[in-house]
Amino acid sequence: MTESSDRLFHVLDPRQFSRPLLDELCALTTRVRTIAKERDGARSLQNLLANKRAMLYFTQPSTRTFLSFNNACHVLGIRTSEIRDPSISSEVKGESFEDSIRTFSSYVDVIIMRTWGEGMAAQSAALMERIRRPVPIINAGSGKDQHPTQALLDIYTLERSFETRGGIDGKVIGLMGDLKRGRTARSLAYLMKNYRKVRLVFVAPESFRMESGLKHHLSDNGVEYHETENLQEVIAELDAIYVTRLQAEYDTAGESSAFEHARFRIGIEEIKKLKRDAIVMHPLPRGPELDPEVDSDPRAMYWRQERNGMWMRAALLIKIFGVEAALAAPP
Ligand code: CP
């Protein structure tokens with residue numbers, strides 16, 4: 001396994017990850033999933049963090065991030081508590097967000113949170129530092145802003161898919177859809193500065209383009225990118241196409257009605273134009289932008305991505321708690 005001297009405590013933003021740390025997390029993910037395949041290995045994982053408790057505070061809807069974190073905790077023996085609806089917590093009585101987080105930190109060893117608001121995980125981490133509580137905060141999706149753990153599982157999926165072709169380095173990766181409000185594509189794009197000679201192609205309508213902050217970040221870090229509204233023009237050159245859905249939940253004035261689904265979707269006709277060894281990714285859940293008929297194509301990686309999520313999140317928890325050395329030795 002690649003050794004990394006990087007410590008990992010709060011997980012807030014993709015910009016905190018270095019290449020050695022990403023490589024280490026990918027190797028650790030493979031190691032955990034391999035160990036878990038054997039009965040004895042699964043049992044040893046159950047004891048790895050059996051003295052720890054986790055809080056899953058998910059006040060914005062989630063299926064796979066919640067379930068994969070919950071099950072990653074259970075794989076490692078971590079006991080979990082959850083709040084998924086603030087109307088049944090004391091927030092409904094007027095308790096402040098910070099007081100709620102402080103209360104969670106009285107009972108658990110890690111807080112995993114998904115929020116409608118941007119910056120709330122960072123605010124929680126700052127609170128933990130201020131009150132000197134040694135409780136890591138994991139951002140499991142912060143409004144339109146970031147989804148760093150999704151980006152980690154996406155990196156793992158890309159690396160595994162290109163395992164025999166030199167990994168992510170040198171690949172052409174398309175990101176398509178509502179790139180303005182989609183946190184998954186943004187977080188993944190931020191991580192690309194860690195890879196050599198990657199070229200990004202942003203495929204989106206003018207009013208749904210990537211925000212300028214990310215584009216400046218890519219330029220400042222030497223990551224090549226270009227933008228287009230025409231998928232057909234670029235599809236044949238892509239090694240991966242990362243499809244995303246329209247984020248209509250963030251509409252303030254019906255913005256989504258202007259989105260032309262037919263031009264920004266992957267169906268059977270588009271699949272025919274992709275390279276034979278290209279892959280199709282999607283963070284899920286999907287909408288009309290990804291035809292279920294694509295599911296049976298061997299290039300469809302999104303269900304694998306979903307499964308990778310639990311293992312990457314287990315690896316992340318192992319790294320945060322610093323128990324990698326206690327993992328069973330590789331065969
Ligand atoms: N990809 C993702 O974040 O899915 P959920 O919203 O279902 O957690």
Side-chain angles (χ1 to χ4, degrees), residues 11-14 17 25 29 54-75 80 82-86 110-121 137-161 173-191 240-251 256 264-266 279-290 292 294-295 300-317:
V11 175
L12 304 174
D13 188 289
F17 289 90
L25 284 169
T29 302
M55 175 71 198
L56 285 92
Y57 178 64
F58 275 59
T59 53
Q60 190 190 40
S62 167
T63 298
R64 67 220 84 236
T65 310
F66 176 82
L67 287 174
S68 61
F69 262 122
N70 202 29
N71 285 289
C73 286
H74 297 165
V75 164
T80 54
E82 65 189 60
I83 288 179
R84 303 199 67 180
D85 177 359
V110 56
I111 299 171
I112 303 162
M113 58 194 305
R114 168 170 290 194
T115 57
W116 280 101
E118 296 169 21
M120 292 170 90
I137 303 291
I138 302 180
N139 178 1
S142 48
K144 297 191 290 290
D145 189 29
Q146 299 291 351
H147 196 349
T149 66
Q150 174 74 43
L152 294 176
L153 75 91
D154 293 336
I155 287 291
Y156 181 69
T157 305
L158 284 161
E159 285 284 36
R160 274 183 78 83
S161 302
I173 300 173
L175 297 119
M176 180 169 78
D178 181 353
L179 303 181
K180 186 185 174 80
R181 303 178 295 182
R183 61 193 173 198
T184 59
R186 183 175 311 112
S187 286
L188 181 58
Y190 268 115
L191 284 182
I241 173 84
Y242 190 94
V243 191
T244 64
R245 72 179 172 85
L246 184 60
Q247 306 282 312
E249 64 269 42
Y250 297 114
D251 276 7
S256 295
F264 303 95
R265 74 186 288 276
I266 294 287
I279 62 168
V280 181
M281 297 174 70
H282 194 303
L284 302 175
R286 68 173 145 201
E289 71 283 349
L290 180 57
V294 175
D295 292 11
M301 285 297 146
Y302 30 95
W303 298 112
R304 195 169 296 183
Q305 232 174 308
E306 187 174 86
R307 291 195 296 279
N308 288 342
M310 184 180 78
W311 299 113
M312 174 50 90
R313 285 168 174 135
L316 193 67
L317 289 161

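Both ligands and their constituent atoms are indexed starting at 1 by order of listing. Numbers here simply count residues along the sequence, with the first being 1.
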Would you compute the distance between atom CZ of Arg181 and atom CZ of Arg186 and round it to the nearest 0.5 angstrom?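 Reported value, rounded in 0.5 Å steps: 11.0 Å.
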
Atom pair CD1/OG1 of Ile112 and Thr65 - distance to nearest 0.5 Å: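 Output value for this atom pair is 11.0 Å.
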
Please find the pair of heavy atoms, one from Met176 and one from Arg265, that lie closest to each other, and give the distance.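 Looking at all heavy atoms of both residues, the closest pair is CE-N, 3.6 Å.
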
So, for Asp295 and Ala300, which heavy atoms are closest and what is the spacing to 0.1 Å?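 Of all heavy-atom pairs spanning Asp295 and Ala300, the closest is O-CB, 3.9 Å.
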
Do you see a donor-acceptor pair shorter than 3.5 Å between the side chains of Thr157 and Arg304?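 Per modelled atom types, Thr157 and Arg304 side chains form no pair under 3.5 Å.
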
When you look at Arg114 and Phe69, which way does the side chain to side chain contact (heavy atoms under 4.5 Å, CB included) test go after all the steps? CA-CA 11 Å; Arg114 168 170 290 194; Phe69 262 122; over 6 Å; no

Could you pull out every protein residue that has a heavy atom closer than 4.0 Å to ligand 1, ordered by chain and then number?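 Contacts of ligand 1 under 4.0 Å: Ser62, Thr63, Arg64, Thr65, Arg114, His147, Gln150, Pro283, Leu284.
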
